[in-house]
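One structure is given below, encoded as structure tokens.
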Amino acid sequence: MSKVFVNITLSLDGYMAPEGMTMENWEYKNWGAKWGALMAWIINQQYFRENLKLGPGGETGPVNDLIRSTTERIGANIMGKRMFDQGERAWPEEAPFHTPVYVLTHEKREPWARPGGTTFYFINDGPERALELARESAGERDIRIAGGADVIQQYLNAGVVDELEIALAPVIFGSGRRLFENISDTVPGFRIDRVLDTPLATHLRYVRA
């Protein structure tokens with residue numbers, strides 16, 4: 001059976017995104033610079049640049065291989081409406097997922113197909129239904145819970161997350177959207193499966209204990 005996993009970058013103090021991060025207000029509390037520092041580890045990796053069509057070049061090596069293997073295992077993505085709304089403004093026409101993407105929302109909207117194999121489906125029936133549809137479309141490949149924090153928390157609390165892949169960046173936000181809030185004490189435990197350390201991020205992989 002396919003795995004359900006989370007793959008995100010966190011600040012050193014546990015935030016997924018800085019306070020006030022919206023595409024409409026780049027200057028709020030300097031969030032653009034904070035986000036840039038958080039994601040510095042990935043920007044110049046060759047596979048990431050290829051996937052977003054940022055041009056040739058980029059670094060190769062263990063981190064690049066990690067990005068490639070993570071991306072290639074994904075058969076479907078699940079995300080929340082807030083993440084989709086911000087991404088709709090920022091993603092290129094060929095959205096960077098290349099899979100079905102199930103968006104948890106109360107808004108009714110027809111599927112939105114993009115070049116390159118990404119189709120967004122807008123799910124009004126809750127996280128369980130989104131996961132059911134994602135499993136059907138992913139086949140033997142895995143399902144990524146892409147974000148934001150509240151969506152990841154829902155799936156953690158439901159006990160369906162098999163793996164956590166976290167790139168822990170050495171930056172401090174002080175405020176924003178935390179990943180590990182509102183977590184039930186019944187969430188299954190995890191064990192460390194892999195650690196890859198670099199100057200820009202420590203890459204941690206946890207699997208269900």
Side-chain angles (χ1 to χ4, degrees), residues 1-10 16 38-39 41-54 58-80 83-84 87 91-92 94-104 113-121 123 127-149 151-156 158-169 179 187-198 200-209:
M1 181 182 290
S2 59
K3 301 284 189 182
V4 177
F5 76 104
V6 171
N7 171 258
I8 46 91
T9 300
L10 280 185
M16 284 184 61
L38 183 74
M39 303 305 293
W41 69 270
I42 197 172
I43 296 301
N44 200 38
Q45 296 299 317
Q46 183 185 72
Y47 187 79
F48 178 81
R49 292 181 61 83
E50 289 175 357
N51 193 39
L52 268 71
K53 301 189 182 306
L54 299 178
E59 299 175 11
T60 60
V63 174
N64 190 64
D65 293 343
L66 184 64
I67 297 168
R68 182 186 300 274
S69 63
T70 294
T71 304
E72 290 179 348
R73 69 185 285 200
I74 300 171
N77 284 271
I78 298 174
M79 69 177 59
M83 180 176 177
F84 172 80
W91 294 320
E94 185 173 319
F97 300 99
H98 313 295
T99 72
V101 179
Y102 297 92
V103 181
L104 296 173
R114 311 304 296 143
T118 300
T119 300
F120 295 94
Y121 297 92
I123 308 304
E128 291 183 1
R129 179 58 176 159
L131 182 56
E132 179 183 343
L133 293 169
R135 286 194 191 277
E136 291 174 2
S137 62
E140 295 183 356
R141 296 169 73 191
D142 296 330
I143 297 116
R144 179 190 179 213
I145 311 300
V151 171
I152 294 172
Q153 290 160 14
Q154 289 180 60
Y155 284 103
L156 282 170
V160 297
V161 175
D162 299 300
E163 301 173 3
L164 295 168
E165 293 184 354
I166 297 173
L168 189 64
L179 176 59
V187 171
F190 292 84
R191 61 176 175 82
I192 296 175
D193 180 67
R194 180 188 64 215
V195 179
L196 173 63
D197 61 286
T198 75
L200 294 179
T202 300
H203 301 272
L204 305 159
R205 183 172 184 264
Y206 300 87
V207 299
R208 287 275 289 268

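Positions are given from 1 along the sequence. Fair warning: this is a prediction, and the values are worked out from it, not measured in the lab.
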With a 3.5 Å cut-off and no angle check, do the side chains of Thr9 and Trp41 form a donor-acceptor pair? yes
Check: Tyr102/Ser137 side-chain N/O donor and acceptor closer than 3.5 Å: yes
Begin with the C-alpha distance, continue with both residues' side-chain angles, and end with the deciding distance and a verdict on side chain to side chain contact (heavy atoms under 4.5 Å, CB included) for Phe190 and Leu156. CA-CA 11 Å; Phe190 292 84; Leu156 282 170; 4.2 Å; yes
State, with a plain yes or no, whether a side-chain heavy atom of Arg68 is found less than 4.5 Å away from one of Glu50. yes
Got Ile145 and Val151 here, is their nearest side-chain heavy-atom distance under 4.5 Å? yes
List the atom of [X], the atom of [Y], and the distance in Å for their closest heavy-atom pair.
X: Met83; Y: Trp91; result: O-CH2, 4.1 Å
X: Leu104; Y: Ala130; result: CD2-CB, 3.5 Å
X: Leu38; Y: Ala169; result: O-CB, 3.7 Å
X: Gly159; Y: Pro188; result: CA-CD, 3.9 Å
X: His203; Y: Ala167; result: ND1-CB, 3.7 Å
X: Leu66; Y: Arg194; result: CD1-NH2, 3.0 Å

How far does [atom1] of [X] sit from [atom2] of [Y], to the nearest 0.5 angstrom?
X: Ile67; Y: Glu72; atom1: CD1; atom2: CD; value: 11.5 Å
X: Phe48; Y: Met39; atom1: CZ; atom2: CE; value: 6.5 Å
X: Met16; Y: Ile166; atom1: CE; atom2: CD1; value: 9.5 Å
X: Asn51; Y: His98; atom1: CG; atom2: NE2; value: 4.0 Å
X: Asp142; Y: Thr99; atom1: CG; atom2: OG1; value: 11.5 Å
X: Thr60; Y: Gln46; atom1: OG1; atom2: CD; value: 6.0 Å

Should we count CD of Glu128 as having more than 12 external heavy atoms under 6.0 Å?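 Open.
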Atom CD1 of Ile43 with >12 non-hydrogen neighbours under 6.0 angstrom: yes
Verdict with reasoning, Asn64 to Glu59, per side chain to side chain contact (heavy atoms under 4.5 Å, CB included): CA-CA 7 Å; Asn64 190 64; Glu59 299 175 11; 6.0 Å; no
Please determine whether side chain to side chain contact (heavy atoms under 4.5 Å, CB included) holds for the pair Ile78 and Tyr155, giving the CA-CA distance in whole Å, both sets of side-chain angles, and the decisive distance to 0.1 Å. CA-CA 10 Å; Ile78 298 174; Tyr155 284 103; 3.7 Å; yes
Of Val207, Ile74, Ile143, the residue whose pairing with Phe5 passes side-chain contact (heavy atoms from CB on, under 4.5 Å): Ile74
Could you go through the side chain to side chain contact (heavy atoms under 4.5 Å, CB included) check for Arg135 and Val4 one step at a time? CA-CA 9 Å; Arg135 286 194 191 277; Val4 177; 3.6 Å; yes
Do side-chain atoms of Arg208 reach the backbone of Val161 as a donor and acceptor pair under 3.5 angstrom? yes
Taking NZ, NE, NH1 and NH2 as the nitrogens, is one of them in Arg191 or Asp193 under 4.0 Å from a carboxylate oxygen of the other?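 Answer for the salt bridge query: yes.
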